[in-house]
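First up is the structure itself, then whatever we jot down about it.
Every chain is numbered from 1, with letters handed out A, B, ... down the list of sequences. Computed from heavy atoms alone, side chains included, the values below leave out hydrogens, waters and symmetry copies.
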2 protein chains.
Amino acid sequence: MAESESGTVDLEIIVQGTQEGKKQELRLWLRMLSTTKLISQEIRRRLRNEFGATLPQFDLMAQLYRERDGLRLGELSKRTMVTNGNVTGLVERLETDGLVLRETPDGDRRVTVAKLTKKGEELFTVMAAAHEGWLRDMMADVDPAIIVELWKDIGGVKSSVNNHLSGAAFD
Amino acid sequence: MAESESGTVDLEIIVQGTQEGKKQELRLWLRMLSTTKLISQEIRRRLRNEFGATLPQFDLMAQLYRERDGLRLGELSKRTMVTNGNVTGLVERLETDGLVLRETPDGDRRVTVAKLTKKGEELFTVMAAAHEGWLRDMMADVDPAIIVELWKDIGGVKSSVNNHLSGAAFD
DNA sequence: GAGCAATATTTCAAATGTCAAAGGTTTACG
DNA sequence: CGTAAACCTTTGACATTTGAAATATTGCTC
C-alpha cells in the first residue's frame with residue numbers, strides 16, 4: 001500500500017489511465033463474482049457429499065447457532081440476505097429434518113421464532129468445523145497478510161456500495 | 001499458523017495471532033460473500049427495473065456478445081459457471097424473447113450453438129453500458145489503486161482455490 | 001372501540017440452480 | 001461393419017431465489 005504521496009505522479013497510475021482507466025470496477029466485479037461462485041460451488045459440493053446439506057441451510061443454521069434464543073424469521077431474512085418468502089421454505093425444510101423448530105412467542109402472534117434443535121446444534125458444530133477447514137485449505141496459498149488486507153479493502157468496497165444503493169439497505 | 005519469517009517478528013502478526021489468528025480465511029470469505037450478494041442484488045434490481053432482464057440472462061448474453069460466432073451450450077455452461085441443464089432453460093427463455101437463437105452446425109449434430117440475434121445485440125449494448133456505470137457508481141468511494149490491488153489479490157485467492165478443489169476445475 | 005396504517009409471515013408464479021439419469025451422435029477400435 | 005466408449009444436450013426431481021400479492025396481527029388514532 002501507500003504509493004506516491006503528494007507531489008510526485010505515480011507511473012502506474014498513468015499507465016492505468018491510458019490502458020484502461022475506466023473499467024477497473026467492472027473487472028474487479030467480474031473477478032469477485034467468479035471467485036465467489038467458485039468457492040460457493042466447492043463448499044456446496046462438500047456440504048452435500050459429506051453432510052447431505054445445502055449451503056443456504058448451512059448459512060441459516062449458522063445464524064441460529066450464534067443466537068441460541070432463536071431469531072424471528074424477518075431477522076433471519078436480513079442476516080442471511082435472503083427474502084422473507086425464501087426463509088419460510090428454508091425453515092420448513094429444516095424443521096422437517098428435525099434440525100430447527102418454530103414457535104410463536106406469547107406477546108405477538110405475528111411473529112415466528114426459529115431455533116436450532118439439539119440435533120441441529122450438534123450437526124452444525126461438526127459442519128462448521130469442517131467448513132472452516134475447507135476455507136483454510138482453499139486459501140492455503142494466499143499470504144496471511146493479504147487475507148487480512150483483502151478483508152479490510154473489501155470492507156471498503158462494501159461501505160461504498162452501501163452508500164450508493166438505489167433502494168434501501170445497510171450493513 | 002506458520003507465521004514469523006526469519007529474523008524480525010512483525011507486531012501486526014502477533015496481534016492477529018493473539019486476537020484470532022485462525023479464522024481469517026473464514027472472516028474473509030463471509031465478507032466476500034456478503035459483499036457479492038449485496039452488489040448482485042443491486043444489479044439485479046436495476047436490470048429488472050430498467051430493462052426487464054435478469055442477471056443470469058445478462059451474464060449469458062455477455063458471453064455471447066464477445067463471441068459473435070456463437071458458443072456451444074457446453075462452453076456457455078463453463079463460462080457462466082452454470083450447469084448444463086440450467087443453460088438449456090436459460091437459452092430457451094432468451095430464444096422465446098427473440099434475443100438469442102439456437103442452431104445445430106452441419107458437422108456435428110450433437111452440438112447446439114447459441115448466438116445473439118440482432119435484437120439481442122442491441123439490447124445488450126445498452127445494458128452493458130448501464131451495467132458498467134452502475135459498478136462505477138457503487139464503487140465510487142473506493143480508491144482506484146485499491147481497486148486494482150483488490151483485482152490482483154483476489155486473483156491470488158482464485159488461483160489458490162483452483163489448486164485445492166476436490167472435484168475438477170480450473171480457470 | 002372502529003378503522004387504518006404498520007408489522008410479520010406466508011403464499012404464489014416464474015426463474016434459477018444442482019445433480020443424476022436419459023437421449024441422441026460421433027468416434028474409435030477390433 | 002458393429003459395438004462400445006466418449007461426447008453433448010435435454011429432461012426430471014428438487015431446492016433455492018426473487019418480487020408481488022395475500023394473510024394475519026398489532027398498535028394507533030379519533
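Nearest nucleotide to the side chain of B/Val111, out of D/dT26, C/dA8, D/dT9: D/dT9. With C/dG17, C/dT10, D/dA6 as the candidates, the nucleotide lying closest to the side chain of A/Asn84 is C/dT10. Listed nucleotides C/dT9, D/dT10, D/dT18 differ in distance to A/Thr88; the shortest reach to its side chain belongs to C/dT9. Closest to the side chain of A/Pro56, out of C/dT18, D/dC8, D/dT17, is D/dT17. Distances were taken from every side-chain heavy atom of A/Thr112 (C-beta onward) to each of D/dA15, D/dT9, C/dT9; the shortest belongs to C/dT9.
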Distances for protein N/O vs nucleotides 2-4 of chain D N/O pairs under 3.5 angstrom?
none

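Heavy atoms of B/Val87 sit nowhere under 4.0 angstrom from any nucleic acid atom. Residue B/Gly74 is classed as a sugar-phosphate contact, given heavy-atom separations below 4.0 Å to backbone atoms only. Nucleic acid contact for B/Leu55: none, since no nucleic acid atom lies under 4.0 Å from a heavy atom of the residue.
Remark: C1' of D/dC7 and CD of B/Glu75 are 14 Å apart, rounded to the nearest angstrom. For A/Leu71 and C/dT9, the CG to C1' distance is 15 Å, given to the nearest whole Å. Computed from coordinates, the A/Arg110 CZ to C/dA6 C1' distance equals 8 Å when rounded to whole Å. Atom CG in A/Leu90 sits about 18 Å away from atom P in D/dC14, given to the nearest Å. Computed from coordinates, the A/Leu47 CG to D/dA15 C1' distance equals 14 Å when rounded to whole Å. Taking atom CG of B/Asn86 as the reference point, atom C1' of D/dT11 lies 13 Å away to the nearest angstrom. Rounded to whole angstrom, the span from the CZ atom of B/Arg72 across to the C1' atom of D/dT10 amounts to 16 Å. Following rounding to the nearest Å, A/Gln57 (CD) and C/dT18 (P) show an atom-to-atom distance of 16 Å.
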Item to complete: Walk me through it: do A/Val157 and B/Leu150 pass the test side-chain contact (heavy atoms from CB on, under 4.5 Å)?
Response: CA-CA 10 Å; A/Val157 173; B/Leu150 276 169; 3.6 Å; yes
Item to complete: Verify side-chain contact (heavy atoms from CB on, under 4.5 Å) between A/Lys158 and A/Asn162, making sure each step is shown before the conclusion.
Response: CA-CA 6 Å; A/Lys158 190 172 180 180; A/Asn162 265 319; 4.1 Å; yes
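Residues A/Trp29 and B/Ser40 have side chains in contact (heavy-atom distance under 4.5 Å, counting atoms from C-beta outward).
The pair B/Glu121-B/Lys118 fails the salt-bridge criterion, with no side-chain N (NZ, NE, NH1 or NH2) lying under 4.0 Å from an Asp/Glu carboxylate O. We find that B/Glu75 and B/Arg72 are not joined by a salt bridge, their nearest charged nitrogen and carboxylate oxygen being 4.0 Å or further apart. One finds a salt bridge joining A/Glu67 and A/Arg79 here, because a Lys/Arg side-chain nitrogen approaches an Asp/Glu carboxylate oxygen to under 4.0 Å.
Look at B/Arg109 and you won't find any side-chain N or O under 4.0 angstrom from OP1 or OP2 of C/dG24. Considering only side-chain N and O atoms, B/Gln41 lies under 4.0 angstrom from the phosphate OP1 or OP2 of D/dT18. Between A/Thr83 and D/dT17 there is no side-chain polar atom (N or O) within less than 4.0 angstrom of OP1 or OP2. A close approach under 4.0 Å does not occur between any side-chain nitrogen or oxygen of A/Arg45 and OP1 or OP2 of C/dG17. Taking side-chain N and O atoms only, A/Arg48 has no distance below 4.0 Å to OP1 or OP2 of C/dA20.
The cationic group of B/Arg68 lies under 6.0 Å from the six-membered ring centre of B/Tyr65 and within 45° of the ring axis, placing it in a cation-pi geometry.
Between the side chains of B/Gln24 and B/Arg27, a donor-acceptor pair is found at a separation under 3.5 Å.
Comparing B/Gly85 and B/Asp108 along DNA chain D, the residue whose closest nucleotide (by nearest heavy atom) sits nearer the 5' end is B/Asp108.
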